[in-house]
Amino acid sequence: MADKHDKVMELALRRGFFWPSFEIYGGVSGFYDYGPLGATLKKKIEDKWREFYCVKEGYLEIFSPTIGPEEVFIASGHVESFVDPMVECKKCRTPFRADHLITSVLDIKLDGLSFKELEDLIREKRIKCPDCGGELSGVWSYNLMFKTHIGPGERKVGYLRPETAQNMFVLFNRLYSFYRKKLPFGVAQLGKAYRNEISPRQGLLRLREFSQAEVEIFVDPEDKTHKGFSSVANKKLRLLPRDGKEIIITAGDAVKKNIIAHELLAYQIILTQEFLLEIGIPSQKIRFRQHAQNEMAHYAADCWDAEVSTERFGWVEVVGIADRTCYDLESHEKESKTELKAFKQYSKPKKKKKEILIPNMRELGPRFKQMVGEIVNKINSIGDEGVRDFLESGFIEIEIMGQKIKLDERYLEVKYVEETITGEKITPHVIEPSYGIDRILYCMLETAYTERDNKVVLMLKKPLAPIEVAVFPLINKPQLNEVAKRIYDSLKNEGFYVTYDENDSIGRRYARVDEIGVPYAITVDFESLKDDMVTIRDRDTTKQFRVHIKDVSKIIKNLLKGEITIENI
RNA sequence: GCGGCCGUAGUCCAGCCUGGUUAAGACAUCUGCCUGCCACGCAGACGACCCGGGUUCAAAUCCCGGCGGCCGCACCA
């Protein structure tokens with residue numbers, strides 16, 4: 001029995017939403033081409049995402065390279081953590097995660113062992129294949145990143161990015177200046193990411209090259225609020241928290257009861273829900289699942305997945321909403337030796353009284369001559385502790401060019417000063433909603449797929465349909481064709497995605513456009529030649545209304561926007 | 001990566017077990033006629049054995065390998 005997944009895949013293939021890539025060379029799994037309808041649909045989903053995040057939230061978009069130098073992914077942890085240690089049974093060839101196997105056989109916890117250590121443990125403890133008792137192979141690693149080389153030769157290693165996020169962390173200082181050094185700010189990026197999956201399946205749900213739409217919101221770690229939160233606090237969410245008990249709760253209560261860690265995360269979850277509803281996923285097919293502690297990515301502190309219910313695969317993750325804390329910025333700061341911090345100004349400057357040492361130049365100059373410069377630098381860099389030592393013992397000892405110099409009260413004077421501290425440097429935390437565009441597109445198609453009288457009707461949300469309006473002559477006659485083509489041309493000029501068809505019967509043409517989700521069809525009949533009116537037919541109800549040709553474009557526009565319906569034109 | 005099943009026009013599939021003339025059908029597509037609102041009818045056209053090797057006089061068919069798909073195991077930041 002063909003399930004909905006089969007039917008959607010068949011439709012996608014036949015009508016040009018997407019196709020397996022490189023078919024004439026036998027195909028390569030994990031890659032798909034978007035055909036004309038799929039590419040247009042994808043573009044519309046992406047534009048909707050832009051409308052939500054870039055326009056309404058003001059998180060402007062950037063566009064970065066998809067290849068990055070090794071250092072980026074060493075810092076991000078992907079070179080080390082995006083790897084699985086694998087062993088294989090030499091006899092039955094079953095592969096195992098080496099660490100999982102040892103953990104389960106020896107009933108011990110393993111943390112951060114090297115591959116060699118894992119291998120030694122297996123040999124020492126004589127661990128065999130749990131399935132057949134066969135001998136195990138050595139430990140080998142599988143890194144899910146695509147590796148490449150930058151420039152000639154193999155000296156400079158690069159990787160195809162496994163997520164779009166890293167570019168935005170690497171660019172932090174530039175972005176921080178762009179946003180005029182104020183937190184919070186957000187940056188968006190829509191682009192390709194690459195993961196060399198061991199065994200990709202399930203069509204668009206697990207690709208080796210896929211489109212991510214990510215936003216990184218940089219915030220003060222002590223202020224994870226959102227100014228728009230009060231307006232969404234009453235909206236309901238279907239949550240599946242870590243404890244596994246599903247609840248329906250308002251965003252406000254979820255924060256109050258500490259189910260969702262903070263307002264900003266809750267706001268992002270609501271925003272994601274609004275997005276999914278807007279593209280036509282019904283609310284009963286949406287839930288948010290909290291990651292278990294051990295399931296979370298190496299960088300995340302808390303993470304909620306937006307999941308959409310599908311017929312074959314059950315709940316499918318389409319958006320991940322994570323609090324990545326300061327992990328990424330700190331890692332890049334360390335690896336690049338470049339400060340990646342924001343300056344947090346205190347609401348009131350803090351005053352601090354302290355003692356400092358003032359060099360007595362009158363004495364130091366004649367005594368130390370050309371060494372004075374160095375000595376003064378050393379004195380100025382002496383911390384509070386050094387000052388305290390001096391107060392107690394009456395001298396300090398410094399080292400200049402291997403020479404120890406003792407300085408006593410003759411050379412130094414203690415001064416009491418009041419220092420004003422206006423703020424401090426902090427590493428912002430990052431909240432990240434990360435959309436899987438391809439998965440969303442699949443879920444949209446599956447949701448939209450319906451059958452009516454044995455015919456497929458793709459009930460896509462109207463503004464998102466790749467073809468927005470079809471124009472037909474009632475029958476294939478030159479007089480009608482001429483008028484229909486004129487309407488077709490004028491709609492194209494108005495900016496609509498339009499199709500024109502005069503082949504076969506009117507019924508077949510309606511069926512053809514229903515199948516690809518065209519929301520409205522305009523039909524020119526013989527009456528039209530007399531009264532300048534045409535029929536608009538609604539995809540979902542097949543209801544028809546006659547309107548003036550001159551009003552067609554305005555009416556279609558309003559229908560698509562949902563400002564009017566076919567019943568109240 | 002392993003195991004099971006599978007791979008034939010754009011799509012769905014017959015034929016394969018038991019090798020043999022021109023690989024059948026349906027739908028879709030195209031052309032012509034017809035057709036006055038939901039896949040109408042008639043006539044015609046286009047179009048396929050996943051790739052490589054082997055066995056054989058002869059391979060879609062049997063054997064081996066590869067690639068791809070589905071399911072299960074494993075994996076999935």
Side-chain angles (χ1 to χ4, degrees), chain A residues 2-3 5-7 9-16 19-31 35 73 76-78 80-89 91-97 100-101 129-132 137 140 142-145 162-163 165 193 195-203 205-208 291 294-300 303 305 312 316-317 320 322 324 327 434 452-457 472-477 480 503-515 521-528 534-539 541-544 546:
Chain A
D3 63 10
H5 175 260
D6 286 330
K7 289 174 174 178
M9 294 307 273
E10 193 271 330
L11 178 72
L13 206 64
R14 193 161 44 76
R15 297 306 307 270
W19 301 301
S21 295
F22 316 115
E23 274 186 302
I24 66 166
Y25 290 107
V28 182
S29 68
F31 296 96
F73 303 106
S76 71
H78 286 95
E80 197 188 315
S81 309
F82 206 36
V83 177
D84 294 326
M86 306 289 287
V87 282
E88 194 179 79
C89 170
K91 201 168 134 202
C92 69
R93 311 206 63 192
T94 314
F96 301 95
R97 272 283 293 270
H100 288 185
L101 184 65
C129 171
D131 286 3
C132 72
S137 71
W140 46 280
Y142 186 77
N143 190 304
L144 262 54
M145 283 194 293
E163 58 174 10
R195 297 176 187 186
N196 201 357
E197 298 283 354
I198 296 170
S199 163
R201 270 182 217 171
Q202 311 174 335
L205 298 185
R206 239 168 102 219
L207 297 173
R208 286 183 165 133
H291 277 206
N294 61 3
E295 179 189 6
M296 249 162 342
H298 55 267
Y299 48 71
C303 185
D305 282 347
R312 184 185 291 182
V316 168
E317 175 199 345
R324 298 179 70 134
Y327 179 91
S434 169
R452 181 169 66 208
D453 307 328
N454 272 327
K455 290 174 281 185
V456 176
V457 184
F472 305 139
L474 180 61
I475 55 167
N476 189 0
K477 291 281 179 202
L480 300 184
N503 277 336
D504 303 300
S505 71
I506 187 70
R508 170 167 298 198
R509 282 179 251 147
Y510 286 147
R512 258 202 294 258
V513 296
D514 280 347
E515 197 175 49
I522 291 162
T523 303
V524 176
D525 54 29
F526 286 99
E527 287 298 303
S528 309
V534 290
T535 303
I536 296 182
R537 169 196 181 266
D538 179 74
R539 175 194 70 197
T541 59
T542 76
K543 282 195 178 132
Q544 304 188 345
R546 283 186 80 75

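Here is how names work: the chains are called A, B, and so on, in the same order as the sequence lines, proteins then strands, and each is numbered from 1.
Donor-acceptor pairing under 3.5 Å is recorded for the side chains of Tyr510(A) and Thr523(A).
Distance Arg14(A) CZ to C13(B) P: 13 Å, rounded to the nearest Å. Atom-to-atom, NE2 of His5(A) to C1' of G69(B) comes out at 11 Å; the value is rounded to the nearest Å. With rounding to whole Å, Met9(A) atom CE is found 16 Å from G7(B) atom C1'. Straight-line distance from the CD atom of Gln202(A) to the P atom of C73(B): 12 Å, rounded to whole Å. In this structure, Arg539(A) places its CZ atom 19 Å from C1' of C37(B), rounding to the nearest Å.
One can find a donor-acceptor pair under 3.5 Å joining the base of G72(B) and the side-chain atoms of Arg201(A). On a pure distance criterion of 3.5 Å, a polar donor-acceptor pair joins the side chain of Arg206(A) and the base of C75(B). Below the 3.5 angstrom threshold, one finds a donor paired with an acceptor across the side chain of Gln544(A) and the base of C37(B). The base of C37(B) lies close enough to the side chain of Tyr510(A) for a donor and an acceptor atom to sit less than 3.5 Å apart.
For Arg312(A) and C71(B), the shortest distance from a side-chain N or O to OP1 or OP2 is below 4.0 Å. Of the side-chain N and O atoms in Ser505(A), none sit less than 4.0 angstrom from OP1 or OP2 of C38(B). An OP1 or OP2 oxygen of U31(B) is reached within less than 4.0 angstrom by a side-chain nitrogen or oxygen of Asn503(A). Note on Arg508(A): a side-chain N or O is less than 4.0 Å away from OP1 or OP2 of A28(B).
Nucleic acid contact class of Thr523(A) (heavy atoms, under 4.0 Å, all strands): base. Across all strands, Pro200(A) comes closer than 4.0 Å to no nucleic acid atom at all (heavy-atom distances). Contacts of Arg509(A) with the nucleic acid, taken as non-hydrogen atoms under 4.0 Å apart, are absent.
The nucleotide C27(B) finds its pairing partner in G10(B), both defining distances of the Watson-Crick or G-U wobble pair being shorter than 3.5 Å. Pair check for C57(B) finds G20(B); Watson-Crick or G-U wobble, both atom distances under 3.5 Å.
The only member of Ile522(A), Asp525(A), Val524(A) that meets side chain to side chain contact (heavy atoms under 4.5 Å, CB included) when paired with Thr535(A) is Asp525(A).
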Run the numbers on Leu11(A) and Glu515(A) for side-chain contact (heavy atoms from CB on, under 4.5 Å), then give the verdict.
-> CA-CA 8 Å; Leu11(A) 178 72; Glu515(A) 197 175 49; 3.3 Å; yes
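Salt bridge status for Glu197(A) with Arg208(A): absent, with no side-chain N to carboxylate O gap under 4.0 Å. The existence of a salt bridge linking Glu163(A) and Arg195(A) is excluded, since no basic side-chain nitrogen approaches an acidic carboxylate oxygen closer than 4.0 Å.
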